[in-house]
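Below: one structure, written as structure tokens.
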Amino acid sequence: INLTFSYFLAELHVSEGSSAERMAVKWCDGHTSPVLCVGAASFECLLASGAEGGEVTVWSEEGTPVSTLRLEGGGDVTSAVFSPGSPSKLYVSHGEAVSILDPRALKQPVSVLRIGEDEINGLSLNETNSLLAAADDSGAVRIVELDSGKVVRTLRRHTNICSSVAFRPQRPQSLVSCGLDMQVMLWSLQKARPLWVLNLKEATEEEEEPQQSAGRLFNPPLAHCVTVASCGNIFACAAEDSRVHLLRVAGSKFERHGVLKAHTQGASQVHFLSFLTHPYWLVSGGNDGKVLLWDICEMGQTTESKGRAKGAQRRKSKSVHSPKPDQSSSQGMADHAQAPEDHRDLKPKFSFNHGEKVNWICPTQLKGEGTVIVADQSSSLSLYTLNGL
């Protein structure tokens with residue numbers, strides 16, 4: 001008898017040093033190939049996962065595969081995004097195309113968007129459900145107007161693969177991108193060039209003391225994934241140097257906000273959680289098989305952070321453009337009384353020892369419980385509950 005899901009033990013390590021065992025859940029039978037991406041709908045309790053070879057599966061919140069489709073062409077499915085305003089639309093990238101699917105009746109694509117000639121690595125929809133951004137191997141971010149299905153703008157500045165893109169909440173004409181050129185870029189769609197460019201390699205080298213870096217080897221901070229908090233002004237970027245780099249918009253500046261250090265190998269995924277006690281919870285995953293939960297509101301203001309603020313001012317000269325003040329930049333911060341401050345020594349609140357290299361992380365709520373869904377090198381999904389937070 002094939003079981004739709006099975007249980008297994010995973011360790012949960014608490015930041016204070018104690019540890020406990022917690023039951024985790026594995027969803028099986030939805031794929032025959034390694035799962036590469038997961039997306040969650042904000043309605044109808046549906047999830048979608050994409051795998052190698054063009055496989056797409058829609059799941060119920062109980063872990064039952066509702067339907068499965070293999071897309072024509074067999075390209076790997078690298079991103080799956082539900083429309084925030086239409087329950088009948090699921091956008092999945094595969095190869096150089098984006099297929100629009102109806103998750104309630106997963107058959108052939110409703111339509112296929114031929115966006116470019118390079119493989120797409122990530123998708124993002126803006127909040128008004130009017131624009132789709134696609135990051136591709138050429139380093140470009142292509143903006144598709146969904147009403148017409150046409151590319152209306154191509155943002156070119158990355159000099160290597162553009163690995164991830166995310167629209168800013170509350171600002172449907174603004175987005176952030178990152179790539180294997182080790183750069184994070186803040187864009188306004190009214191401009192042909194990025195408003196700000198932050199080079200993670202240069203910023204990290206400025207932070208490191210000469211005696212700290214002497215004789216040590218570091219992986220370069222190739223940027224794999226970028227996420228934006230619900231306020232629209234706090235960003236996190238997972239990089240190959242094993243760190244999660246925090247950035248923020250402060251007035252008219254785009255600056256470093258700190259780093260999170262706990263992964264022992266490259267950090268591949270990072271996402272803000274919108275369903276916990278405040279909007280500054282983060283979950284990250286890496287090649288070390290760890291899934292870490294962070295509360296960056298625990299960052300306290302220290303004398304050390306003042307020095308870093310001066311460093312951010314120096315780094316400002318390395319950014320390509322000085323934007324006009326963002327009149328709405330502080331509006332979203334009213335959602336929380338205190339914005340997080342820089343603090344290098346913040347420890348993860350929880351550490352799940354997943355044990356396998358992480359391909360994707362999707363935080364969501366299932367049956368009213370906060371859950372982190374993890375895709376790894378296998379054909380199954382692993383679920384970690386966040387009870388008690």
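Numbers here simply count residues along the sequence, with the first being 1.
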Original post:
Please walk me through it: do H278 and D295 pass side chain to side chain donor-acceptor pair (under 3.5 Å)?
Top reply: CA-CA 9 Å; H278 58 71; D295 179 3; 2.8 Å; yes

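- Under the rule for a side-chain contact (heavy atoms from CB on, under 4.5 Å), S42 has no partner lying at least two apart in sequence or in another chain.
- Of all heavy-atom pairs spanning A229 and P169, the tightest one is O-CG, 3.5 Å.
- Judged by distance alone, with hydrogens and angles left aside, the side-chain atoms of D118 form no donor-acceptor pair with the main-chain N or O of D137 at under 3.5 Å.
- Other members of the cluster containing L36 do not exist, because no ILVMFWY side chain is joined to it at under 4.5 Å.
- Under the 4.5 Å side-chain heavy-atom criterion for ILVMFWY residues, a single connected hydrophobic cluster contains both V358 and L386.
- Ring geometry for H354 versus Y384: interplanar angle over 60°, hence perpendicular rather than tilted (30 to 60°).
- Q170 places no side-chain N or O within donor-acceptor distance of the main-chain N or O of G232, the cut-off being under 3.5 Å.
- Residues meeting the salt bridge (charged side-chain N to carboxylate O under 4.0 Å, His left out) test with R104, sequence neighbours left out: D102.
- P103 and V58 make their closest contact through O-CG1, 3.9 Å (heavy atoms, listed as atom of the first residue, atom of the second, distance).
- H94 is listed as a side-chain neighbour of S99, based on a closest heavy-atom distance under 4.5 Å.
- The closest donor-acceptor contact from the side chain of H263 to the backbone of D288 lies at 3.5 Å or more, if one exists at all.
- Heavy atoms only, all atoms of each residue included: L132 and F167 are closest at C-CE1, 4.3 Å.
- Of all non-hydrogen atoms in P109 and L101, the two that sit nearest each other are CA-CD2, 3.5 Å.
- Here the side chain of S164 pairs a donor or acceptor atom with the backbone of V226 at under 3.5 angstrom.
- Salt-bridge annotation for E96 and R114: absent, with no side-chain N of the basic residue lying under 4.0 Å from a carboxylate O of the acidic one.
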Give every donor-acceptor pair under 3.5 Å between a side-chain atom in residues 179-189 and any protein atom, sequence neighbours left out.
unit_1, atom_1, unit_2, atom_2, d
D181, OD1, H158, ND1, 3.2
D181, OD1, Q183, N, 3.2
D181, OD2, H158, ND1, 3.0
D181, OD2, T159, N, 3.0
D181, OD2, Q183, NE2, 3.0
W187, NE1, S177, OG, 2.9
S188, OG, Q190, N, 3.4
S188, OG, Q190, OE1, 2.9

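- Counting all heavy atoms, side chain and backbone alike, S379 lies closest to T32 at CB-C, 4.0 Å.
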Hey, can you pull the donor-acceptor pairs under 3.5 Å for the side chains in residues 68-92, sequence neighbours left out?
unit_1, atom_1, unit_2, atom_2, d
T68, OG1, T57, OG1, 3.2
R70, NH1, G53, O, 2.9
R70, NH2, E55, OE2, 2.9
D76, OD1, G53, N, 3.0
T78, OG1, S93, OG, 2.7
T78, OG1, I120, O, 2.7
S79, OG, L123, N, 3.3
S83, OG, G85, N, 3.3
S83, OG, S86, N, 3.1
S83, OG, N129, OD1, 3.0
S83, OG, N129, ND2, 3.0
S86, OG, S88, OG, 3.1

Original post:
For T64 and E62, what are the C-alpha separation, side-chain angles and deciding distance, and is it a side chain to side chain donor-acceptor pair (under 3.5 Å)?
Top reply: CA-CA 6 Å; T64 303; E62 289 81 18; 5.4 Å; no

Original post:
Does the pair I143 and L175 meet the rule for a side chain to side chain contact (heavy atoms under 4.5 Å, CB included), with working shown?
Top reply: CA-CA 11 Å; I143 308 299; L175 55 83; 3.7 Å; yes

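- Annotation: side-chain hydrogen bond (donor to acceptor under 3.5 Å, both in side chains) contacts involving residues 356-370, sequence neighbours excluded, comprise N359-Q377.
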